[in-house]
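Here is the structure we will look at, set down as structure tokens.
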Amino acid sequence: MVDVHLRDITKRFGRTVAVDGIDLDVNDGEFIVLLGPSGCGKTTTLRIIAGLEKPDRGRVFFGDKDVTYLPPRERYVSMVFQSYAVWPHMTVFDNIAFPLKIKGLPKDEIVRKVKWAAELLQIGDLLNRYPHQLSGGQRQRVAVARAIVVEPNVLLMDEPLSNLDALLRVRMRSELKKLQRKIKVTTIYVTHDQVEAMTMGDRIAVMNAGKIMQVGTPEEIYNKPQNIFVAGFVGTPQMNFFDATISISPKEVALDAGDFKISLEPRFTELLKGFEGKSVTVGIRPEHIHPSKYVALSEGKYSLVKGTVDFVEALGSDTIVHVNVGSRILVMKLSGSHHFKLGSDIEIALDLDKLHIFRKDSGKAII
Ligand code: ATP
């Protein structure tokens with residue numbers, strides 16, 4: 001096992017910049033997720049770490065060792081792909097044993113290691129079967145067993161669960177995470193699924209257009225997004241965004257959104273100094289907006305906004321309410337079932353402790 005460091009990695013395919021100068025540090029034994037939309041460079045980054053792709057610029061280190069130009073077989077990494085590439089003409093045992101046979105390990109050691117990996121993946125009773133006699137989930141377990149049986153330095157996984165049905169995905173998520181905790185292999189996992197990233201990653205690196213936008217624990221990514229991209233990419237329904245102008249007077253600090261005004265506590269004065277009169281983007285998550293009658297309105301904690309109920313999504317576990325406030329819609333998420341009459345007046349309370357404010361030019365978070 002080893003720690004992995006990427007320094008200024010850049011990769012172009014013709015005119016496309018797939019990876020654009022990224023730095024990343026992955027600790028020994030850590031489970032890190034590369035999360036981002038399709039085409040943002042996740043797979044290319046993973047392939048560069050594996051040695052399947054050469055960067056145009058930058059360096060890859062495993063511990064202190066520069067492995068940038070080392071071939072894949074000398075890096076001791078294992079990869080699991082979306083399409084569980086198990087060999088159809090081999091039994092489960094032979095599939096898992098394959099990389100050990102190539103290494104020329106003695107037969108009894110191969111048997112011992114295959115059993116160890118198969119037990120960890122709970123496929124110990126399937127060793128004599130062929131892949132066509134397995135379910136999709138079982139086939140993916142075989143692929144993971146084959147990847148870990150060599151006890152790699154680094155385990156690389158590229159959307160390994162996306163071919164599985166929804167229920168199985170949820171089960172495999174926790175199983176893979178538990179397995180990784182048990183064997184403590186440094187793991188880099190690629191997905192565009194934010195729930196997978198949030199539930200599995202010790203840390204998440206959010207990528208967009210070849211760049212890393214933020215690296216942090218799931219909690220940091222969710223609660224302290226460093227820019228609009230991260231704020232908008234993680235969270236369902238998406239964070240509400242609206243433009244507002246900052247005004248600071250001796251009496252109050254306010255965000256003027258045109259249709260409504262948010263008065264902030266004096267403590268915001270210091271944070272927003274220098275932005276007076278400027279337009280910013282304000283963000284608030286749907287779960288941080290409540291009907292005002294549901295909350296104890298302690299002074300300064302909430303800002304009240306009047307609107308009408310535009311649309312309601314009753315999901316059973318949650319109720320999503322779209323509230324029309326003049327020229328824009330604010331989406332509110334409540335847990336449980338609630339009834340709202342379409343078109344009725346409603347007063348909503350925005351939790352000011354949960355407000356995010358971003359610069360309009362760079363999208364960087366001010367608060
Ligand atoms: P997805 O989630 O869809 O797999 P990704 O984030 O993994 O996307 P990459 O596969 O790394 O993204 O691709 C990044 C960019 O590089 C894309 O624009 C893609 O079209 C381009 N690209 C990747 N591989 C090649 C290649 N071999 N030749 C040309 N362009 C490529």
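Given the structure is predicted, the values throughout are model-derived calculations rather than measurements. Only this structure's heavy atoms are used, side chains among them; waters, hydrogens and symmetry mates stay out.
Side chain to side chain, Asp243 and Ser279 fail the donor-acceptor criterion of an N or O pair below 3.5 Å. Of the N and O atoms on the side chains of Glu151 and Tyr76, not one donor lies less than 3.5 Å from an acceptor on the other residue.
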Next on the checklist: Let's go through Asp193 and Thr191 carefully: what are the C-alpha distance in whole Å and the side-chain angles of both, what is the deciding distance for side chain to side chain donor-acceptor pair (under 3.5 Å) to 0.1 Å, and is it a yes or a no?
Outcome noted: CA-CA 5 Å; Asp193 181 331; Thr191 183; 5.2 Å; no

Item to check | Trace of the side chain to side chain donor-acceptor pair (under 3.5 Å) decision for His322 with Asn324 | outcome: CA-CA 7 Å; His322 298 230; Asn324 192 334; over 6 Å; no

Checklist entry - Is there a side chain to side chain donor-acceptor pair (under 3.5 Å) between Ser327 and Asp259 once you walk through the steps? => result CA-CA 7 Å; Ser327 60; Asp259 298 313; 2.7 Å; yes

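Ring pair Phe311/Phe340: centre-to-centre distance not below 6.0 Å. Centroid-to-centroid, the aromatic rings of Tyr294 and His338 come within less than 6.0 Å.
The environment of Lys364 atom NZ is sparse: at most 12 non-hydrogen atoms of other residues, nucleotides or ligands sit within 6.0 angstrom. Within 6.0 Å of the NZ atom in Lys306, the count of heavy atoms belonging to other residues, nucleotides or ligands does not exceed 12.
Counting heavy atoms from C-beta on, the side chains of Val154 and Thr187 never come closer than 4.5 Å. Inter-residue side-chain proximity for Tyr189 and Leu34 is flagged as unmet; no heavy-atom pair is nearer than 4.5 Å. Contact check for Val92 versus Leu134: side-chain heavy atoms found under the 4.5 Å cut-off. Residues Lys11 and Glu53 form a side-chain contact, since some pair of their non-hydrogen atoms from C-beta on lies under 4.5 Å apart.
In summary, of the residues considered (Arg171, Lys177, Arg173), a salt bridge (Lys or Arg N to Asp or Glu O under 4.0 Å) with Glu175 occurs for Arg171 alone.
No continuous path of hydrophobic side-chain contacts links Phe242 to Ile320 [ILVMFWY only; heavy atoms under 4.5 Å].
For the pair Lys224 and Tyr222, the cation-pi criterion (under 6.0 Å, within 45° of the ring axis) is not fulfilled.
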